[in-house]
Chemist: 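Handing you this structure, nothing more for now.
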Amino acid sequence: QVQLVESGGGFVQPEASLRLSCTASGNIFSIYVMGWYRQAPGKQRELVATITSGDTTNYADSVKGRFIISRDNVKNTYLQMNSLKPEDTAVYYCHARAWRTGDYWGQGTQVTVSS
């Protein structure tokens, strides 16, 4: 099993920046993709960004050029969010895909962008 814990969310004004962190524990060496997803009220959960064990990244068109996903080891994955917009308001979830053991989700961290 894998456990994920997110942190770094908050309430900010448009054009501000936030950095989200995700710490993984458990069978972390089975993980081959990490990612960030978000879900706003009344909307489906959507992909924000992913990063593979080979450091290949993928971004939703809505955040490309503003957000950066990165990792410094197997345990820690980050989402740097710049030039935040009100439409970025959502609960952000850390996600892990592990070989032969399935997908894992964190509890989520709230990001609110409002003037």
Chemist: Tell me, which pairs form a salt bridge (Lys or Arg N to Asp or Glu O under 4.0 Å) where one or both residues lie in residues 2-16, sequence neighbours left out?
Modeler: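 As it turns out, there is no salt bridge (Lys or Arg N to Asp or Glu O under 4.0 Å) pair with a partner in residues 2-16 once direct neighbours are skipped.
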
Chemist: Side-chain contact test, heavy atoms from C-beta onward, threshold under 4.5 Å: evaluate it for T77 versus T23 and give yes or no.
Modeler: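 Contact flag for T77/T23 side chains = no.
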
Chemist: Any side-chain heavy atom of N27 sitting closer than 4.5 Å to one from T101?
Modeler: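 They are not in contact (no side-chain heavy atoms under 4.5 Å apart), so the answer is no.
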
Chemist: Find out whether T109 and L20 are in side-chain contact, i.e. whether some heavy atom of one side chain is under 4.5 Å from a heavy atom of the other.
Modeler: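 Of all side-chain heavy-atom pairs linking L20 with T109, at least one is under 4.5 Å.
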
Chemist: Assigning hydrophobic clusters by single linkage (Ile, Leu, Val, Met, Phe, Trp, Tyr; side-chain heavy-atom cutoff under 4.5 Å), is V2 placed with W99?
Modeler: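 Per the 4.5 Å side-chain linkage, V2 and W99 are not co-clustered.
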
Chemist: Going by the side-chain hydrogen bond (donor to acceptor under 3.5 Å, both in side chains) test, which pairs reach into residues 28-38, not counting sequence neighbours?
Modeler: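 Sorted pair list: R38-E46, R38-S62, R38-D88, R38-Y92.
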
Chemist: Do M34 and T52 make a side-chain contact, defined as non-hydrogen atoms from C-beta onward lying under 4.5 Å apart?
Modeler: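 They are not in side-chain contact.
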
Chemist: Taking the side chain as C-beta and beyond, is there a heavy-atom pair between I51 and V33 under 4.5 Å?
Modeler: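 Sidechains of V33 and I51: no contact.
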
Chemist: Minimum heavy-atom separation for A40 and T89, please, with both atom names.
Modeler: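 Taking every non-hydrogen atom into account, CB-O, 3.6 Å.
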
Chemist: Would you check if there is a donor-acceptor pair between the side chains of T112 and Q110 at a distance under 3.5 Å?
Modeler: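 Q110 vs T112: donor-acceptor pair found between side chains.
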
Chemist: Under 4.5 Å between any side-chain heavy atoms of L18 and V111, yes or no?
Modeler: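 Heavy-atom side-chain distance check passes, below 4.5 Å.
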
Chemist: Say you draw a straight line from OG of S7 to CZ of R19; how long is it, rounded to the nearest 0.5 Å?
Modeler: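 Rounded to the nearest 0.5 Å, the OG-CZ separation comes out at 9.5 Å.
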
Chemist: What pairs meet the ring-ring contact (aromatic ring centres under 6.0 Å, His included) rule with one or both residues in residues 39-82, with sequence neighbours excluded?
Modeler: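 Listed by first then second residue: nothing to list.
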
Chemist: CD1/I31 to NZ/K75 distance, rounded to the nearest 0.5 angstrom?
Modeler: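 The CD1 atom of I31 sits 11.5 Å away from the NZ atom of K75.
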
Chemist: Is I28 reachable from I69 through a run of I, L, V, M, F, W or Y residues, each pair having side-chain heavy atoms under 4.5 Å apart?
Modeler: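 Yes, same cluster.
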
Chemist: Is it possible for you to check whether R45 lies under 6.0 Å from the centre of the six-membered ring of Y93, through NZ or CZ, and within 45° of that ring's axis?
Modeler: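 Checked: cation-pi criterion met.
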
Chemist: Does D61 have any salt bridge (Lys or Arg N to Asp or Glu O under 4.0 Å) partners at least two apart in sequence or in another chain, and if so, which?
Modeler: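 Checked D61 against salt bridge (Lys or Arg N to Asp or Glu O under 4.0 Å); matches are K64.
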
Chemist: Spell out, yes or no, whether V12 and V63 are grouped together once hydrophobic residues are joined by side-chain heavy atoms under 4.5 Å, including indirect joins.
Modeler: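 Same cluster.
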
Chemist: Can you establish whether the number of heavy atoms outside E87 located under 6.0 Å from its atom CD is more than 12?
Modeler: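 For E87, atom CD is crowded (more than 12 foreign heavy atoms under 6.0 Å).
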
Chemist: Who passes side-chain hydrogen bond (donor to acceptor under 3.5 Å, both in side chains) against S17, sequence neighbours left out?
Modeler: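 So S17 forms a side-chain hydrogen bond (donor to acceptor under 3.5 Å, both in side chains) with N82.
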
Chemist: Any disulfide bond (SG atoms under 2.5 Å apart) involving residues 77-115? Give me the pairs, sequence neighbours left out, ordered by first then second residue.
Modeler: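 Disulfide bond (SG atoms under 2.5 Å apart) check on residues 77-115 returns C22-C94.
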
Chemist: Please examine the side chains of P14 and K85, heavy atoms only from C-beta on, and report whether any two atoms are closer than 4.5 Å.
Modeler: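 Not touching, per the 4.5 Å side-chain cut-off.
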
Chemist: Considering residues, nucleotides and ligands other than Q39, do more than 12 of their heavy atoms fall under 6.0 Å from its CD?
Modeler: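 Atom CD in Q39 is crowded, with more than 12 foreign heavy atoms closer than 6.0 Å.
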
Chemist: Grouping I, L, V, M, F, W and Y whenever their side-chain heavy atoms are under 4.5 Å apart, do V113 and F11 come out in a common cluster?
Modeler: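 No.
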
Chemist: Identify whether L79 and V74 are in the same connected component of the hydrophobic contact network (ILVMFWY, side-chain heavy atoms under 4.5 Å).
Modeler: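 Yes, L79 connects to V74 through the hydrophobic network.
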
